[in-house]
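Naming: A, B, ... by sequence-line order, numbering from 1 per chain.
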2 protein chains.
Amino acid sequence: MNDVQKTGSDSAERPGAKTSARRADLRARLVAAGRAAVAEGGLQNLKARDLAAAAGCAVGAIYNVFDDLDDLILRIGADTLARLEQGLAAPPGPAPEPAEELLRLACGYFSFARADKALWRALFEHRLAGGRPAPAWYLEDQSRLFALVEAPLARLLPDEPASSRALLARTLFSAVHGVVSLGLEEKLAPMPEAILEAELERLVRAFAAGLTLLPPG
Amino acid sequence: MNDVQKTGSDSAERPGAKTSARRADLRARLVAAGRAAVAEGGLQNLKARDLAAAAGCAVGAIYNVFDDLDDLILRIGADTLARLEQGLAAPPGPAPEPAEELLRLACGYFSFARADKALWRALFEHRLAGGRPAPAWYLEDQSRLFALVEAPLARLLPDEPASSRALLARTLFSAVHGVVSLGLEEKLAPMPEAILEAELERLVRAFAAGLTLLPPG
DNA sequence: GAGAAAAATGAACGACGTTCAAAAAACCGG
DNA sequence: CCGGTTTTTTGAACGTCGTTCATTTTTCTC
């Protein structure tokens, strides 16, 4: 409903430029305040009145630039996804062995989750009201994560069809996510992080080794 | 409001028997009503006033038999865990190949999650207020699930130390959970269930095959 | 600069989990 | 059985939440 892309430089000529700039600025301040609130106390700590106070606006102003808090939470999630993608970016240099690269991604994912626990949690904890599906722009942000896994998989399994590899990338991502997710879960018996990382390595190495034995699917 | 039938025979012997029986009955009715509410509309659909209406008691009565709604949710979760454990019980007959048994458990887990999606989700969606740790009785209910995985793992890796196997059981459970969890996640691009099950099989088979190649850890 | 249009405001609304003074029920010695 | 005491149950009330909308303030147009 509210796509404001106008971040033009001149304010006097274009009608509504000042307003759009203020709206964009308010959006940014609200996302920043929301991210800080979630980072501090989880999704439960995201309160409309606190947000308004932190961003220096009225509570009603939130609803001028976002449909509702769910909308704001999705933007925070997109931010988190972008930072995660950035944190998993491949370092320069020659491409390592596929299994080593997969392991690097898995450990990077764990590292990110550990460092930004509350924000990372919010990615999966949050449910859209009424079971609505996530907007397309959010799904695209996610698919970039799976793509990071797909590249080393292609080198590991050159005979695998591309469609099958895409599924496999999501599966491997999901498996690593599961280990990290339940590993950091406070409702389960706690796990030392060093052990968790060793288990992650065992999962990725065993899975990668086993994959090369299975027939292509 | 509530008619209490006086049996007359047991009221004289046990002091407070009638009271504790009513409390136990109320607990059961509240858990049943809560489970129905969660099954219908997720954790968000669990409202104190609705619960009281469904169980035929005052809102305050909930707090006579539960600390708070978190407490009630944990009981619902324990119920769900018990039904899951029951659904994963090994069928009679000779023990199959370890990998096949692991696959059966994974598919059983997926089947349960699919059939009781909202209740299964509630197991992981729910966070205790203030980041409190889960009570011991709840952790014990969970550990029984990991134990189901440990048995076939012991046959698959007879040279693995028991402590390492316990970790591995939790890791494999977590990996399968991750695939099921993100597979059924509505905030991700949807996955057909048949494909999801095939991916689950690929994960378990590759992991089991790869494990036998890795050195014991 | 004045009048029209658009945006920002914050008090008000309904719903939520939880509490607690009061009412009801259970208990117990005579 | 009864009257006084204790325990349990009750539901109106409280504080907080996300969200709305009549009012005020700002921006735009001529």
Side-chain angles (χ1 to χ4, degrees), chain A residues 1-2 4 6 8 10-27 29-30 33-34 37-38 41-74 126-130, chain B residues 1-8 10-27 29-30 33-34 37-38 41-74 126-130 132:
Chain A
M1 273 296 183
N2 38 35
V4 180
K6 302 188 173 183
D10 50 352
S11 59
E13 313 207 345
R14 201 182 10 223
K18 207 182 292 185
T19 293
S20 307
R22 292 218 302 172
R23 283 170 63 100
D25 190 56
L26 179 58
R27 278 179 73 95
R29 271 182 295 143
L30 283 171
V38 171
L43 270 182
Q44 299 174 336
N45 197 38
L46 194 82
K47 319 282 178 72
R49 285 165 182 79
D50 292 351
L51 276 179
C57 69
V59 285
I62 299 172
Y63 298 89
N64 293 335
V65 293
F66 292 108
D67 294 344
D68 47 28
L69 288 194
D70 272 3
D71 188 12
L72 170 56
I73 291 172
L74 283 179
H126 176 246
R127 294 265 161 286
L128 285 82
Chain B
M1 275 292 181
N2 288 340
D3 287 6
V4 177
Q5 306 232 344
K6 295 195 169 188
T7 54
D10 59 340
S11 63
E13 325 185 342
R14 272 196 320 229
K18 212 183 296 186
T19 291
S20 45
R22 290 216 302 173
R23 282 172 64 101
D25 190 56
L26 179 58
R27 277 179 74 94
R29 271 182 296 144
L30 283 172
V38 172
L43 268 182
Q44 300 174 337
N45 197 39
L46 196 82
K47 320 281 177 70
R49 285 166 181 79
D50 292 351
L51 276 180
C57 70
V59 286
I62 298 172
Y63 299 88
N64 293 334
V65 292
F66 292 107
D67 294 343
D68 47 28
L69 288 194
D70 273 4
D71 188 13
L72 171 54
I73 290 172
L74 283 178
H126 177 245
R127 295 262 161 287
L128 285 82
R132 291 177 303 182

Candidates D:dG18, D:dT19, D:dA13 - which lies nearest the side chain of A:Lys47:
D:dG18
Nucleic acid footprint by protein, nucleotides 21-26 of chain D - heavy-atom cut-off 4.0 Å, B for base, S for sugar-phosphate alone:
------
Tell me: CG of B:Asn45 to C1' of C:dA15, nearest whole Å?
13 Å
Is there side-chain contact between A:Leu26 and A:Arg23, with heavy atoms separated by less than 4.5 Å?
no
Nucleotide of D:dA12, C:dT9, C:dG17 approaching B:Val59 most closely (side-chain heavy atoms):
D:dA12
So, do A:Leu69 and A:Leu51 sit near enough that their side-chain heavy atoms are less than 4.5 Å apart?
yes
Between B:Arg29 (CZ) and D:dT9 (P), how many Å, whole number?
11 Å
Quick one: CG on B:Asp70 to NE2 on B:His126, what's the gap to the nearest 0.5 Å?
3.5 Å
Do A:Ile73 and A:Val38 come within less than 4.5 Å of each other through their side chains, counting heavy atoms only?
no
Rounded to whole Å, CZ of A:Arg49 lies from P of C:dC13 at a distance of 13 Å
Compare the minimum distances between each of C:dT18, C:dT9, D:dT19 and the side chain of A:Ala61, then state the nucleotide with the smallest one.
C:dT9
Could you state the CG-P distance from B:Leu51 to C:dT18, rounded to the nearest angstrom?
11 Å
Separation of B:Leu26 atom CG from D:dT9 atom C1', in whole Å?
10 Å
Separation of B:Ile62 CD1 from B:Arg49 CZ (nearest 0.5 Å)
9.0 Å
Tell me the interatomic distance from A:Asp71, atom CG, to D:dT19, atom P, rounded to whole angstroms.
10 Å
Atom-to-atom span, CZ of B:Arg23 to P of C:dA26 - whole angstrom:
14 Å
Starting from P on C:dT18, measure out to CG on B:Asp70 and report it in whole angstrom.
7 Å
So if I take every side-chain heavy atom of A:Ala58 and compare against C:dT9, C:dT18, D:dT10, which nucleotide ends up nearest?
C:dT9
Please name the pair of heavy atoms, one in B:Gln44 and one in A:Arg127, separated by the smallest distance, quoted to 0.1 Å.
NE2-O, 4.1 Å
Touch check for A:Leu72, heavy atoms < 4.0 angstrom, all strands: base, sugar-phosphate only, or nothing?
nothing
Say you draw a straight line from CG of B:Asp71 to CZ of B:Arg27; how long is it, rounded to the nearest 0.5 Å?
6.5 Å
